[in-house]
Each structure stands twice: as C-alpha cells, then as structure tokens.
Protein chains: 2
Amino acid sequence: MTARSFLSGLECRACCTTVEPDRLIGVCPTCGHTLLATYDLEGARAVLAPAGWTARPGGMWRYRELLPVRSADSVVTLGEPESPVLRLTLPDLAPDVDLWAKNDGALPTGAFKSREMSVALSRARELGARAVFLPSTGNAAVAAAAYGARARMEVRVYLTEDSAPELAATCRAFGAHVRTVRGTISDARAAALDQEPGRGSVELSTMREPYRLEGTKTMAFEVFDRFGADGLPDVIVYPTGGGLGLAGMFKAFTELRALGWIEAIPRLIAVQAAECAPLVRALRDGSPRAEAWPGPIEFLGGLTVPAPFASERVLEAVRWSGGAGVAVPSARIHATERLVARTTGIVSGFEGAATFAALPAILKEGLVRPGERVMLYLTGGGISVAIPRLAERAEAPGLPTRS
Amino acid sequence: MTARSFLSGLECRACCTTVEPDRLIGVCPTCGHTLLATYDLEGARAVLAPAGWTARPGGMWRYRELLPVRSADSVVTLGEPESPVLRLTLPDLAPDVDLWAKNDGALPTGAFKSREMSVALSRARELGARAVFLPSTGNAAVAAAAYGARARMEVRVYLTEDSAPELAATCRAFGAHVRTVRGTISDARAAALDQEPGRGSVELSTMREPYRLEGTKTMAFEVFDRFGADGLPDVIVYPTGGGLGLAGMFKAFTELRALGWIEAIPRLIAVQAAECAPLVRALRDGSPRAEAWPGPIEFLGGLTVPAPFASERVLEAVRWSGGAGVAVPSARIHATERLVARTTGIVSGFEGAATFAALPAILKEGLVRPGERVMLYLTGGGISVAIPRLAERAEAPGLPTRS
C-alpha cells in the first residue's frame with residue numbers, strides 16, 4: 001500500500017472548530033460534539049480515478065486515499081472482502097421495484113462493525129493508543145475485540161446485560177475484557193466512564209471519536225464501485241440504531257460528488273423498530289435532533305439505541321439526501337426474518353430483516369417510485385455466535401464418542 | 001454474464017469412460033467412480049487472459065469459463081465474495097516462514113461449502129433437477145439448504161446425529177427437510193438411499209456427482225488471482241475430511257498450467273485429526289486408496305470422514321503436487337483454536353485450527369523450507385449457528401423487557 005491518505009483535518013460541524021488530526025482526540029474540544037475528518041479532495045481529485053480503485057484487490061482498504069490512516073504499517077485488517085451484492089425478486093413484498101441487497105454479514109466479524117473497527121483501531125494504534133474501550137449492545141464489541149486481537153491492543157467492552165451471552169463469550173475468546181451492565185447502552189457507557197479514567201485507554205463510543213464513521217464510508221464506496229455513477233441505487237434502505245452508517249454513507253457520497261465522480265446521492269431511508277424509533281420520530285416531526293425514547297424498551301439488538309449521540313449528523317444525512325424515516329413493529333421484523341431465510345437463503349439478522357419488513361410501508365407512502373433501484377443494506381450480525389462453542393469446548397471434560 | 005463455459009465433457013479417471021455432460025448424472029455409469037468435468041482448454045486459452053478475470057467483480061463466478069454452468073440464468077449465487085487473504089506473523093508457531101491464511105468463513109454460509117453448492121445447485125437446476133439430497137456432518141447441509149432456498153429448489157439433508165443441533169435448525173430455517181441419523185456420514189448416506197428413491201431427487205454426496213468439485217476449484221483460482229503466477233504459495237495446508245477441496249484445487253492448478261498461466265503447482269499438505277486420519281495414513285503408507293478408519297471415532301466436525309469416497313483422486317492430488325499428509329491430535333487442535341482467536345482475531349473453526357496446529361510438525365519434518373511461502377486454508381464453519389436464534393424466537397412467547 002503506497003497510496004497516501006488525503007486526510008487534512010478534523011472539524012466540528014456544530015461550532016466550526018477545526019483541529020489538527022494527527023493526535024489522539026475524541027469529541028470537539030470546544031463544544032463536545034462529533035468531530036468529522038476532512039480530506040484534501042482537490043489534491044485527491046488530481047491523482048485519483050475510479051478505475052484506480054477498481055484495479056486493486058476488493059475490499060474496504062481499496063479506498064485508502066479517503067480513509068484517515070497515514071501509514072500502511074498501521075492498518076489493522078482481517079482481510080475484509082467487498083460485501084456481497086445480490087439482486088432479489090420478491091413480488092409479494094416489493095413489486096415493480098429493481099431490488100438489491102448488500103450483505104455485510106460476509107465481513108470478518110459478521111457485521112458492518114468490522115469496517116468501523118478496522119479503521120478506528122488502525123488510526124488509534126497509529127496515534128499511539130495501546131488500549132481502547134467502548135459500550136455496546138454486541139456487534140461493535142465483537143468487532144473491537146477481534147481487531148484488537150489482530151492489533152495486539154488491549155480492548156475493554158461494556159456490554160448491555162440483555163445482549164446475547166454468546167457475544168460476551170466471543171469477546172472473551174478474542175482476549176477482550178468484558179463487563180456486562182444492567183440497562184441501556186447509555187448505562188453501559190456510564191459504567192465505562194466510571195471505570196476507565198487513569199487507564200490510558202481511548203474511548204471508541206459511536207460518534208465520540210472521528211474514525212469509526214470513516215470506516216462506514218466504505219459501504220457507500222463499495223456501492224459506487226459496484227454500480228458506477230450511472231447505476232447507483234435511487235434509494236438505500238438502512239437499519240438504524242445510532243445511525244453512524246447513515247452519516248458515514250452520506251459523507252462518502254458527498255466526497256464522491258466533490259470529486260466530480262457522481263451527481264446525485266441516493267435517498268437514504270432510515271428504518272427503526274417502532275418500539276424504539278427516536279430518529280424516525282425526529283424525521284417525521286422535523287426536529288433538528290432526536291429526543292431520548294422513553295423506556296422501558298424491549299431489546300432489539302443493534303436497533304436498541306434510545307438516545308443516539310450526535311443525532312444531528314444522522315438526521316441531516318437522511319434529509320439532505322432526500323430520504324425519510326420508517327418505523328416497523330418488531331413482531332413484523334421477526335416474522336420477516338424467517339421469511340427472508342426461507343425465500344432467499346440470506347441470513348439477514350434482525351437488523352437486516354427490518355429493511356425487508358419496511359418495504360410495504362416505503363412503497364405505500366410513495367417513498368420509492370415504480371421501477372426505481374432500491375438497495376437494502378443488510379448490516380449483518382451472525383458469525384459472532386460461533387466462538388462460544390470454542391469457549392464451551394475449553395471447559396468441556398471430553399468430546400462425545402460414537403461408534 | 002456473457003462469457004460461456006468451456007465445459008466439454010465428463011470423464012472417469014478410473015476406467016476412462018467419457019460421458020456427454022448436458023444431462024443429470026451421478027457417478028461413472030461403467031464403474032461407479034467419480035466423474036470429472038473436462039474443458040476445452042485450447043479454446044479457452046485462445047480467448048482468456050488472467051487480466052480478464054481480474055477486471056470482473058471479485059468472487060468465484062469471475063471464473064465462469066472454467067466452471068460447468070452453461071447459462072447465466074442458471075447461476076444460483078448468494079454473492080460469494082473473494083475470501084480474505086491475510087499475512088500472519090506467528091514466530092512461536094512458524095518462524096522463518098512467509099505465512100498467509102485464506103479464510104472462507106466470509107462466504108455466505110460461513111464455509112467453503114458455499115462454493116460447492118453454488119456450482120452444484122446451479123448445474124442441477126440447469127439440467128432440470130427440482131430436488132436434491134445429501135448426507136452431511138453439517139456445513140455442506142447448511143450450504144445446500146441456503147442455496148436451495150435461493151434457487152427455490154427442494155433440499156433434503158441427512159445429518160449425523162452428533163452434528164451441532166444448531167446446524168439442523170439452520171437448515172430448517174432455510175426451508176430444508178432435515179433427518180438426523182445415528183452413526184457416521186456413511187450411515188447418513190445409507191438412510192438417504194433408503195428414503196430417496198422415487199422422489200425424483202438428485203444426490204449431491206461428496207464425489208458422487210461431478211460439480212461440487214468444480215466449485216472447490218475456485219479456491220485455487222482465487223489464490224492464483226491474488227498472488228499471480230510468480231507469487232503463488234509454495235505450500236497450501238488444507239484441513240481434510242473427504243478431501244474434495246484438495247482434489248478441486250489440484251484440478252484447478254492443473255487447468256491453469258494447461259492454459260500456460262502457471263508453471264509450478266503448490267505442494268498440497270493434507271491435515272487430518274490423528275483420531276480419524278485415513279487419507280494421511282494412506283499417504284504415509286503409499287497406498288493407492290484410503291482404507292476405512294476403524295471406529296469408534298469422536299466427532300471432529302468436517303474432519304470426521306472415516307471412509308472417504310474416491311480417495312484415489314485426493315491422494316493423487318497430494319502426491320502429484322509433491323505434498324504430504326500430517327495428522328494432529330484433536331486436543332492440540334482445540335487448544336490451537338483458542339490461541340488463534342486470541343492472537344490473530346481470526347475465527348478459524350476447529351477445521352481451520354488444524355492447519356495452524358500442524359505447522360510445528362510440518363516444519364519439523366522438513367515439508368516446508370525456511371523462507372517459503374505457506375498458505376493455511378481456513379475452510380470456515382462459523383456463521384451457520386446464527387439462524388437458530390431466529391428459530392428460537394419463532395417459538396418464544398415474547399421478548400425480554402427492560403427498563
């Protein structure tokens with residue numbers, strides 16, 4: 001990897017503070033909002049071409065000029081492939097639509113969180129971090145643990161108690177320190193902030209450091225790479241918890257537009273479970289930010305984020321793209337997950353199933369027009385339950401014998 | 001997909017019978033041995049170039065000229081990505097070796113079986129099959145079920161009783177019919193042969209139809225595609241149950257040599273668990289075929305194949321490549337699996353861990369020389385345990401609530 005990153009700085013969209021990027025930093029030192037990475041897009045435009053990306057081996061590090069890691073030696077990778085893109089024919093669910101799915105279940109930790117943690121841990125290591133921590137409902141923790149093992153960095157995760165126990169075991173198998181916390185992901189973060197000071201560790205919570213967002217940009221780069229400017233989906237339907245992926249995809253498409261490579265940005269549709277839909281409510285109400293969703297809330301995997309941080313960035317991504325928000329009852333999502341497996345062979349996970357389940361409402365509300373190209377973004381969430389069997393075996397006195 | 005397949009026929013290496021390929025067929029009609037697909041390699045050579053493959057989107061269908069499916073419309077795909085390739089530094093396990101791993105855990109059903117079933121079901125559908133069946137220890141059944149759902153074909157699997165119960169649930173979630181059978185995979189096949197006649201179903205047992213083998217060729221094509229002729233691994237270490245992957249990779253490298261694209265073929269090293277090592281024993285004894293391994297045998301996942309069919313094809317692949325066989329005690333494989341997760345972030349599975357566990361013996365026996373490039377082939381086996389949670393939810397009266 002000889003191409004260089006065109007990272008030029010960090011900026012706060014809330015208060016316009018700019019920050020020199022080559023030191024460890026979390027949120028804006030002035031106002032505490034999210035810092036976003038900026039790039040020398042003029043410089044990149046002079047040397048970059050889409051064909052140059054396509055000529056490289058597939059996967060997210062193909063796009064290294066628009067990722068924030070300075071040195072090839074810093075890259076922490078588990079060999080992320082380009083995630084699969086599939087055309088689907090589901091006349092019952094979505095007639096008259098040119099329907100596609102992109103499935104991040106193929107990524108090394110079975111979910112799109114691989115993208116975030118590959119970039120965030122690469123950059124943290126590059127800037128001198130030796131230990132990281134984060135609160136999580138599950139998949140982000142597994143990804144941090146796996147990439148931490150690859151990077152030989154210390155990882156401490158604060159998991160919500162309702163997360164599948166397999167996720168904790170998986171994190172431990174990767175050598176991470178795990179603490180489970182009663183309550184929501186906000187409570188898990190509070191526990192982390194109570195325990196971590198003095199440990200020299202770096203926080204990797206969603207939107208509270210600049211680089212996980214950069215990793216999610218590669219979802220949009222891959223869509224562009226596969227479909228080209230003329231074939232981009234009209235609409236991308238995205239299962240939304242904290243909304244980092246929406247903000248990242250919108251930033252990526254904006255950068256591609258600044259490079260002159262695309263004209264229109266796909267309309268981004270945020271799907272949440274009706275039982276916890278703070279971003280969808282804010283989109284429908286025209287609010288500038290999402291208010292915390294009142295509890296109690298049933299556990300809905302990665303969609304259980306009642307109080308997303310820096311929701312302004314997510315809401316602007318959806319609005320500026322011309323998109324919208326749609327909420328679907330969780331019972332319908334569960335039923336759809338089974339239907340999807342049986343009729344497509346795809347392991348969508350609960351989160352991915354939400355995008356299928358939202359299709360009838362999306363069509364009914366006219367958010368998609370007949371003949372438009374629609375991409376369901378399946379964020380994954382499967383493989384993480386594999387490792388516990390390994391952990392179980394570690395304790396098992398012997399293996400079953402048969403004749 | 002406009003490029004055509006150069007499939008020219010089927011041949012039996014045991015009795016030299018040749019068969020017209022464009023009808024449904026299992027084994028050699030003359031002697032009952034495995035039929036192998038042949039290609040018009042002269043014709044392919046005139047129009048194909050490695051750069052032509054590389055220019056296409058990544059993944060196994062990039063190599064369609066040397067796959068047996070005639071029509072693009074027949075292809076049953078879940079969007080298989082090129083599987084990740086990783087460089088590893090493990091001085092304790094393999095000093096002085098240029099060590100790499102290729103991880104098929106990224107494939108849609110979490111294991112290399114996706115390759116086999118994508119090709120076999122495509123071809124079966126193309127030739128008019130509407131239903132298929134197979135015996136399996138697990139991952140092949142999951143792949144058949146997933147691709148069957150995608151193809152809207154009927155799938156019936158006969159699982160060994162010792163297979164993880166999650167595998168049966170996963171197959172059912174994909175809509176497959178599942179029967180569990182006490183005993184080995186041979187017993188499972190006997191049950192299938194008892195039940196299937198009259199159902200109009202096609203058998204997809206290992207080496208008993210020609211096309212799963214063709215799918216495994218894509219492992220070698222991807223290695224060639226990634227490393228180039230000059231950078232090919234000197235040695236590929238492969239976890240071996242029935243050995244289909246070894247026979248397929250050898251066939252692929254032989255085809256690439258016939259095309260004039262490579263000169264040397266990597267030496268193939270078959271790794272088996274010491275508790276069930278019929279192929280390794282035959283390699284060490286110089287036997288032309290593997291004798292059945294005597295029971296009782298503990299369950300060792302995909303490595304539990306005590307009586308591999310058509311072992312001649314596997315043994316010749318290893319021998320003609322200049323390779324060898326190595327057996328490792330299963331206890332050491334289990335311990336290595338944990339070590340691999342903690343030190344690399346890779347979910348190797350038991351089968352993949354066997355290749356790491358074999359490294360000390362491989363080096364001690366001089367099967368690899370210092371400085372040589374060694375690739376561990378990780379066949380996967382993780383994601384299939386994801387779906388059962390979905391199945392559980394189907395029965396669950398409600399979801400946990402929290403405040």
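Numbers restart at 1 for each chain; the letters A, B, ... are given by sequence-line order, proteins then strands. None of the values given here were measured: they were computed from a predicted structure.
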Check: Arg152(A) side chain, Thr343(B) main-chain N or O, donor-acceptor pair, under 3.5 Å: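 Checking the backbone N and O of Thr343(B) against the side chain of Arg152(A), a donor-acceptor pair under 3.5 Å is found.
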Most chain B-contacting option - heavy-atom pairs closer than 4.5 Å, from [options]:
options                                   : result
Pro84(A), Gly345(A), Ala353(A), Pro294(A) : Gly345(A)
Gly175(A), Gly58(A), Ala146(A)            : Ala146(A)
Arg150(A), Arg172(A), Glu80(A)            : Arg150(A)

Euclidean distance, Leu78(A) CG relative to Thr344(B) OG1, rounded to 0.5 Å: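 So the gap between those two atoms works out to 7.5 Å.
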Taking every non-hydrogen atom, the tightest pair across Pro81(A) and Glu82(B):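 Heavy atoms only, the tightest pair is CB-O, 3.4 Å.
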Smallest separation among heavy atoms of Ile346(B) and Phe174(A), with atom names: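 Minimum heavy-atom contact is N-CE2, 4.1 Å.
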Part of Thr89(B) lying under 4.5 Å from any heavy atom of chain A: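 When you check distances to chain A, only backbone atoms of Thr89(B) fall under 4.5 Å.
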Steps toward side-chain contact (heavy atoms from CB on, under 4.5 Å) verdict (Arg87(A), Thr77(B)): CA-CA 10 Å; Arg87(A) 190 169 202 162; Thr77(B) 175; over 6 Å; no
Arg182(A), CZ atom: more than 12 neighbouring heavy atoms under 6.0 Å: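 Open: at most 12 neighbouring heavy atoms sit under 6.0 Å from CZ of Arg182(A).
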